[in-house]
Amino acid sequence: MNDEHPSLRTEHWHRVWEEKGLFLNNPDERTKFFVNFPFPYVNGYPHLGHLFSFMRCDVMARYKRLKGFNVLFSQGFHATGQPIVAAAQLVKDRDEKQIALLLQIGIPESDIPLFENPEHWISFFSKAWKEDLKKAGASIDWRRSFITTDINPPFDKFVRWQYNKLQEKGYIVKGSHPVVWCPKAKQPIGDHDRKEGEGVTPEEVTLVKFTDSKGRVYPAMTFRPETVFGVSNMWINPEGEYVEVEVLDQKRKQIWIVSKDCVYSLEMQHFSPKELSSLKGKELLDEELINPVTHDKVPVLPASFVDMSNGTGVVMSVPAHAPYDYVALRDLKKELPIIALIKVSGYGKIPAKDIVERMGIKDQLDPKLKEATKELYKKEHHTGIITEQIKEFEGKSVSEAKEALITQFKEKGFATSYYTLTQPVISRQNARAVVALVDNQYFLNYSNPEWKKLAHECVDKMRFYPEQTRQNYHYTIDWLKDWACARDKGIGTRLPWDEAWLIESLSDSTIYMAYYTIAHYLQNPDHYNIKIEKIGDSFFTYVFLGEGKPSVVAKESGISEDLLQSIREEFLYWYEGGYDFRSSGKDLIQNHLTFSLFHHTALFPKEHWPSGISVNGYILLNNEKMSKSKGNFITFREAIEQYGVDASRFAMAFASDVTLDDANFDTTLALGFNGKLAAMMEFAKDQYGKGREEYKRIDSWFDYVLDQTIDACDKHYNNSETRSAMQVAYFDLSNHLKWYTKRTGGSYNKEVISRCILTQALLLAPVLAHTAEELFELLGQNCLASQAGWPTKKGEALDWMTEREQFISVDLVSRINKVKEMKNLEKISSLTIVQAPKLKFELFDAIKFLLEEKKDFKEILMHLNEKFPEEKKFIAKFLPKVFKEGITNYIKEEEEREILESLLAFLEREYSCKIVLKTASEFGEASTAIPAQPAIVVE
RNA sequence: GUGGGGAUAGCGAAGUGGUCAAACGCGACCGACUCAAGAUCGGUUCCUUUCGGUUCAAGGGUUCGAAUCCCUUUCCCCACACCA
């Protein structure tokens, strides 16, 4: 508990909520709303970043409850995968870094050995999460909480069921896939295990097979197989180490000539190379090779630019389109035929020649060559058109021809596929990585166009917070290729049909939200007399898909038909439209969230597809990135302890609206907010139920403001715009209250001020959950704020005089203050307010009338000038302003008089001086006053 | 490279054609309270000072009127995978 704010009995309210079972929801006649937060991976304490996304859920859940929805909100935990196992192993190995990390987060030294066991990590941190969420006031149905992996049999069975279904429906395929592979560690290396080359991925290229007189194959690696029609010669590095290898390509034995370094790569990509002999590049220079496509004979020439460590060491030369090739030939002074295949606008017949000459490239060592190559490739790929040299594709675009030609070449055995890395990747073990093909992998078939189509359809129907993220999902769906969904290391659920494999962690987390709807049955089986060991696929198929005969399923699962029926109904109730609001960090769009959509479309009928996803940016702490090294990393529990629960919740809610930009947790705000909370409660206690009976214009204005606030706040919460909701319900409303206080001199109308206090408490209740409860108790309300329902509006429109009075009073005060400051007055001794001359009122009347009647600017101008010749100057300046926006200053002289008179008491109080009201004629001098903006004389 | 998002006063951040010199919050300054500090409360915070002037990355355009619409330029951020 926070010293600054002893009046917030957070634990008391947590107990009250729990005792009343406030957040334990069961189906009823209300409309449901399903909120969820992605289950966190339990290898550490929750930190501020988690709290931020989580708060959006909790606020949404609490808001929807106030609005009368039946809200489902629970929280599971995730342990699938390798990190926990790896961390436990590190502890076992007495790894200093890992142990230091645990000590740093406050684990006592004596407990460290416990963390040698992965299960301890899981139980320890899932417990910590639960505690912290409770401390934060999370409105969660804990009956439905669960953890993943086979340590939780019912969930394990649920995931198995899911995979059996996917398999049955053909969404799982077997195949191989390319990975970045470390030859030393003999395993794939992700970005985190790289010393160099982060973000580099395997790229598919084509090996075009040139042959020599002995029938040996020279596989030339290229990204542009279509240019094979324009090959003038081949390049070999004369100093390079080459080998003759026997390989197996497309099930046929062949003899290949490749660089020595290439052999390992070939092996990892299943070409089964057998080294026969080694040779120097020089020895190959006399050869003439046959172009497999054109059957032309081309010479082998030396080139030092041929990279021996990447690719095959054999390069085909296309001087018309490759600046390197063009320059190298020029350097050698060889006259060879140059065949142009691609027309590009802005270039001559031989584009490579053009660009080389334009950039003034001297020789093949010129660094500008790289740039020239890049520019030309890009240009040709995007805008190039095939010439008559390739008859079949004449006039077609390069990208189109390329696709078709690759397939054709492969079919005819002219070429084969190969993977390469476009930039060097160095592993932590200091080895240069290659591309390996991993075989016999199980894949989720995300490349399946039918499946993609369904996913797109799902995205089209959903609501996204913020809306702009919708495109990211469409993009991701198109971009996703098959996903390897099984691992041989770590923990999780085993593939039901091949138990050697574990389901990968992203792949087991796709439709588990549906599990929440029925989790309480399976996670508390004794309570429902359920025997988990009897539960099998038929149970889930019945509950989630409604397939199967209830009597049969009941028998198989050992669950009574009645219970089975209610479980099925509970799922149908909560999962109509899937989940309504899922909030997470934006980094999950590319994987988890899109996976979730894919799987829903694969397994469920449309009525259970998800309805809403919200994502947010990262959280900054005082506008700085949180990081452990900077020492500004704070956990959930630290924040709550330091700033108090509701102050933290407020700072979180105020950290950002729905946007992808970074949010900011402002500790000054959080710290300072406790005082504000105390003041708010103090005020409520002092003022609630007190005040005068008389209902004045200013009261009706404030009633109107309250209504406006309720509407605005409603809209913001509904859009998950927590920052704006706080802005409106706390800051803006507080400022309006200040004005109301000023205008009334603290003599409030009883009804109005009481309504204000309760309304503000309720509007803030989704965020300031504990404060709202305190207030409700303090004010003797006979229900909990959490259950009170959304505040009701009075529903009266702002009447004309009230609105005018508001306009005039605000304007007067600001002008008086300005003058007071300008004249450097300590205190005002006399204040004279002068109404505008009669003529001005008449003029405004005329303007108003004309604006309503006529639409033409010129016409109005002429009319007015005619009628008020002495006001020509004023009209010229004033009219354009009011022409389109209407006349805001309009008021009748006697109305203004009445309003000014009614404001006298307020102004006298405000400035403690005598105030005189005068008409223009009484005052005498010409004044700047216009209607609704009387002149002021301050002394 | 591909795709997405930005640039607003000391800072953060609203604002998408007209009550916009621009909400609100922080910070700063002044004042009240206090022995004092903190907290709290009131006020000020582009320049001028009831007028008016110059602003919303830079330049150009559309319009009676632009922070807001269009074009160009510059700069910044995020994602790009086999993993939580």
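Just the heavy atoms: all of them, side chains too, but no hydrogens, waters or symmetry mates, feed the values below.
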Taking only the P atom of each, what is the distance from B/C24 to B/G42 in whole angstrom? 13 Å
Could you tell me if A/K918 sits above the aromatic ring of A/F923, with its cationic atom closer than 6.0 Å to the ring centre and no more than 45 degrees from the axis? no
In whole Å, I'd like the distance from the CG atom of A/D587 to the P atom of B/A84. 14 Å
NA contact type, A/Q82, heavy-atom cut-off 4.0 Å: base, sugar-phosphate, or nothing? sugar-phosphate
Gap in Å between the two C1' atoms, one belonging to B/U8 and one to B/U55, rounded: 10 Å
Counting the benzene-type ring for Trp, do A/F673 and A/Y730 have ring centres under 6.0 Å apart? yes
Interatomic distance at C1', B/A22 relative to B/A84, whole Å: 44 Å
Is_stacked (A/W479, B/C80) at 5.5 Å, 30 deg: no
CG of A/L677 versus P of B/U40: gap in Å, rounded? 11 Å
For B/A21 and B/A66, measure between their P atoms and round to the nearest Å. 12 Å
Given the P atoms of B/C30 and B/A36, what is the spacing between them in whole Å? 16 Å
A/A79 to A/T149 - nearest heavy-atom pair and separation: C-CG2, 3.7 Å
Distance in angstrom units between A/F595 CZ and B/A84 C1', rounded: 12 Å
Which of these, A/Y171, A/W483, A/Y473, A/W451, sits in a ring-ring contact (aromatic ring centres under 6.0 Å, His included) with A/F595? A/W483
Within the 4.0 Å heavy-atom criterion, would you say A/K676 contacts the bases, only the backbone, or no part of the nucleic acid? sugar-phosphate
Calculate the interatomic distance between A/Y475 atom OH and B/C78 atom P; express it in whole Å. 16 Å
At under 4.0 Å between heavy atoms, what does A/N622 touch on the DNA or RNA strands: base, sugar-phosphate, or nothing? nothing
Can you list, in residue-number order, the parts of residues 736-744 of chain A that come under 4.0 Å of RNA chain B, counting heavy atoms only? A/K738, A/K742
Nearest whole Å is fine: how far is B/C78 P from A/N472 CG? 15 Å
Which pairs count as salt bridge (charged side-chain N to carboxylate O under 4.0 Å, His left out) when at least one residue sits in residues 466-490 of chain A, sequence neighbours excluded? A/E467-A/R470
For A/I816, answer base if it contacts any base atom (sugar-phosphate contacts may also be present), sugar-phosphate if it contacts only those atoms, and nothing otherwise; contact means non-hydrogen atoms under 4.0 Å. nothing
Pick the P atom in B/U73 and in B/C82, then give their distance to the nearest Å. 35 Å
Summarise protein proximity over nucleotides 5-15 of chain B in one line of letters, 5' to 3': B for base, S for sugar-phosphate only, - for none, counting protein heavy atoms closer than 4.0 Å. S------BS--
